[in-house]
Amino acid sequence: MQRTSPGFDFPFIIAILAAAPLWAPLHLPAQAVIDEPFAQAVGPLNGQAAGTGLTGTWTGNDKVNVTSDSLHYGSLLTSGNRVQPTGVAPDWWNNGAGVSPGTTLSAAGLLAPSAELWFSCLVQSFSDGSSTYFCLGNGVADGWGRMGSGGVGFRLTGGKVYAYPGNGTGGWSGPGATVPNGVNLFVGKITWGPDSSTSGSISIYLPGTDLALPATAASTEATHVIFDQATFNTISFANGNGNTTTPVIDEIRFGASYADVTPAAAGDNTPPEPSPMTWASVPAGSDENQITMTATTATDVSGVEYYFQCTAGGGHDSDWQASPTYTDTGLTPATSYSYQVKARDLSVSANETLGSSVESTSTLPADITPPDPSPMTWATPPAAGSNTAIAMTATTASDPHGVEYFFTNTTVSGHDSGWQASPAYIDVGLSPGTAYTYQVTARDKSLARNETLYAEASATTDLLASTMIYEPFAGATGPLNGQTAGTGLSGNWWGNDKVNVTAGSLSYGSLATSGNHAVSSGVAPDWWNNGAGTSPGTTLRNAGLLAPGAELWFSALVVSYPDQTTYFGLGKGAADGWGRLSSNDNSPGIGFVLSNGKLDAYYWDGGGGHVGTPTAITIPDGVHLVVGKIVWGATPAASATLSIYLPGTDLAMPVTAATAITSGIVVDQSILATISFANGNGQTVPPEIDEIRFGGSYETVVVAGAVSDPDYIAWTALYPGANLSDPAADLDQDGLTNDQERIWGLDPTSASSVNPYAVALKPAAGATTGTFSYTRRKREFSGLTYTIWTSTTLEPGSWTEDTAASASQAPGTPDANHVETVAVTLTASPENGKLFVRVQTVK
């Protein structure tokens, strides 16, 4: 079976990212990688969708607007509209816009060291001193020519053009060249340096209307082109400082060659075929608020775009678009609309066909019916998936408009699903051992968003069964006050200088012990508040061990003498010699009392102490293992129960409790924050205590601590002088238990030995897989099987064993400590650029 003890899952996750050369690179297309014809609707550019090869939307301000019709230059292929910043002096500041090319340029190899990147754009320029900046960089250009923290492009000012690299605070200009008034085509060639510390170059060309590449550049700069171009993520332009006229810009292109960025359309005076246009699918109501139609696919040597016009009913025209299919949305249910379509080519002449026949149809009637079933039902009711997650699946609902689901956690806020397409939901980040109630409803995707009635069900997260609190008193000998607390405890012990750590553990049967033990040195008449306490922080609470109805187990080794009183418990404050487990603030506490050779369950209610029923039991002198079980009430006002057990040296759980308090324990356990012990009033013999544990089961606080694995015992001999008696302890305080260090071939005495990855993940040559290596204890000694698991999302339930990778594991020759390095070849492939890997042990 699969081991579930903490640490047996590989404690590290590695990710294959898209930046790694683990899969085949994108091939450079034959045309421009980036093409921005400004085909957006007339109006502010800010927020409009970007063009081909660009991601996201344009950002800037409302002074940059899309205006109608393209700029034209010779036979250069143009389409769409154009942009013009409207702000001039004194209202010119930051009068620009930018957009991201995403990974298109880098994926095409155009940002690689020593690569060439070509760009072009059309600008209508003026000779009155106005400036325009255009660049590729890692920020948006502004009126001072600052291109984020670096960029490269050109500067048009005073009727001249300059090659222009900028470092984020200013820029350098190559020699300028005169540009005539009117529309001009600017073409740039960037050659990147071989690395980010070596200069590349930029040249700006001014082709004539024949679109031939000039023999020499108009302006070149090769001194200050020192960039880490891998950081470039923005194409931008801006007005210059003090502009009096506003430039117009159009047809931005980036590509791998001059031909890519200067595509010419042959002389074309013929409209596309067919003309008049015809319908492939006449308009038809596809929903209550939309109508869909498809034109016959037209043909033309210059390319084609389509225009759908609503001629009656008050619907919406399409604008010119590349697709022959159009869906008019935002319409009125059960209403008639009429449409016609025409096409035009992409030549300079923009030749149009005659319009098609006018066709009419109606939208569908309004939907007023919720999905089925209503009320909703559960396919799989909520159920714990772990100690922090609950999974559930609604019945798949049906509706002509489609369905989406909403899961509500009615117990706590911030855990609702939101409307989602999937009928399954996993609520994560929950508290262990806690009950949660969920409701699920569904709604259709019609205009009315008709919702079903909800279904409701509850589930409780799992408890953490492993030892969460462990105090072996492994600190140095001397006063306990101020010493670092043990595993699962937060802060330091506090009390007074009469409580000391003494060398050597108390021992009892085969119970695992380590470190030292604590002795309270003060006796009568110097016994007052002769105790110590420390906080478990939120460990108990996060493990669900303080949840309503939960079980909390604890154990401690104590020494019994006839003339002795010792209080031990969990409370809001530290115990004292009067048996108050509350730091004198009258808040309750719960634990046990050992007094004059007798042991009793003990509850402090803030006004006095209550002992167990029917009576305390006599125990002989010497070391005893005291085990307690607390079952919390269903609410803070409900009674809890306390049972105290005295296991024999065989560590078997007794059939019956030695003493118990079965009613009247009213504790709001949510306020309990301190583990403490103290001498009693009039003490004449100092008490001794050791090996304090809190957990979710008897086995956790007793049996689970025993060292029974012969390989673990043999492994400890490799580190003479190191206290490795407890597999669950963390000797070097590096976050891994001693047993985890054994399993993964690490050094338990070195806090820097925490990473079992011997060779980091790297791609396999020419393949879409990867390899890595990890260290482990030799399998013949550990008796464990190691398997390889992958996930592309890290979501619960998303892990899948890569069985071929598991089978591929090739152990190397073990070292002197029987640690072997294992090479693994993955067969799983990434999704959306990510793949996560873990190694898991199976017994």
Side-chain angles (χ1 to χ4, degrees), residues 16-40 45-60 76-80 83 96-122 134-141 147-154 165 186-193 196 200 202 225 227-237 249-263 303 321-323 346 768 830-834:
I16 303 173
L17 300 178
L22 193 54
W23 18 84
L26 294 174
H27 294 291
L28 186 65
Q31 67 279 353
V33 173
I34 296 290
D35 181 15
E36 179 54 273
F38 297 105
Q40 296 90 343
L45 179 62
N46 190 18
Q48 295 219 32
T52 303
L54 298 165
T55 60
T57 56
W58 282 90
T59 60
L76 184 74
L77 188 63
T78 62
S79 64
V83 293
V99 72
S100 170
T103 59
T104 309
L105 293 179
S106 58
L110 298 177
L111 300 184
S114 303
E116 284 188 2
L117 171 64
W118 289 78
F119 65 87
S120 70
C121 65
L122 289 173
F134 174 84
C135 74
L136 172 68
N138 53 13
V140 177
M147 302 173 178
S149 57
V152 60
F154 66 82
F186 297 84
V187 176
K189 172 189 174 184
I190 304 170
T191 302
W192 304 114
S196 60
I202 176 173
V225 189
F227 295 114
D228 178 6
Q229 66 271 17
T231 67
F232 286 3
N233 60 12
T234 307
I235 298 167
S236 63
F237 58 89
I249 194 166
D250 198 4
E251 298 299 330
I252 300 172
R253 294 183 172 92
F254 282 77
S257 67
Y258 179 80
D260 278 349
V261 300
T262 56
Q321 63 178 50
S323 173
L346 302 181
T768 58
E831 182 176 312
N832 296 324
K834 295 180 181 179

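Keep in mind that the numbers below use all heavy atoms, side chains included, and drop hydrogens, waters and symmetry copies.
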Close aromatic pair by centroid cut-off 6.0 Å: Phe254 and Phe119: yes
Phe186 ring center near Phe154 ring center (under 6.0 Å): yes
Which heavy-atom pair separates [X] from [Y] by the least distance, and what is that distance?
{"X": "Pro101", "Y": "Thr234", "result": "CD-N, 3.9 Å"}
{"X": "Phe232", "Y": "Gly151", "result": "CZ-CA, 4.1 Å"}
{"X": "Ala115", "Y": "Gly109", "result": "CB-O, 3.4 Å"}
{"X": "Gly153", "Y": "Ile202", "result": "O-CD1, 3.0 Å"}
{"X": "Trp58", "Y": "Ala49", "result": "CD1-O, 4.2 Å"}
{"X": "Gly98", "Y": "Ser236", "result": "CA-CB, 3.8 Å"}

Residues forming a side chain to side chain contact (heavy atoms under 4.5 Å, CB included) with Thr231, sequence neighbours excluded: Asn138, Asp228
Set of residues satisfying side chain to side chain contact (heavy atoms under 4.5 Å, CB included) with respect to Thr57, sequence neighbours excluded: none
If you measure from [atom1] on [X] to [atom2] on [Y], what distance do you get to the nearest 0.5 Å?
{"X": "Thr52", "Y": "Glu36", "atom1": "OG1", "atom2": "CD", "answer": "8.0 Å"}
{"X": "Ile252", "Y": "Leu54", "atom1": "CD1", "atom2": "CG", "answer": "8.0 Å"}
{"X": "Leu117", "Y": "Ile190", "atom1": "CG", "atom2": "CD1", "answer": "5.0 Å"}
{"X": "Leu77", "Y": "Leu346", "atom1": "CG", "atom2": "CG", "answer": "6.0 Å"}
{"X": "Ile235", "Y": "Cys135", "atom1": "CD1", "atom2": "SG", "answer": "9.5 Å"}
{"X": "Thr55", "Y": "Asn233", "atom1": "OG1", "atom2": "CG", "answer": "9.0 Å"}

Beyond-backbone contact of Phe237 with Val83, side-chain heavy atoms, under 4.5 angstrom: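 The answer is yes, as the side chains (C-beta and beyond) meet within the 4.5 Å cut-off.
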Heavy-atom side-chain contact between Phe38 and Leu45 under 4.5 Å: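 Sidechains of Leu45 and Phe38: in contact.
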Worked check of side chain to side chain contact (heavy atoms under 4.5 Å, CB included) between Thr59 and Asn46: CA-CA 5 Å; Thr59 60; Asn46 190 18; 4.2 Å; yes
So, [X] side chain and [Y] main chain: donor-acceptor pair closer than 3.5 Å or not?
{"X": "Ser120", "Y": "Thr262", "result": "no"}
{"X": "Trp192", "Y": "Leu110", "result": "yes"}
{"X": "Glu251", "Y": "Ser79", "result": "yes"}

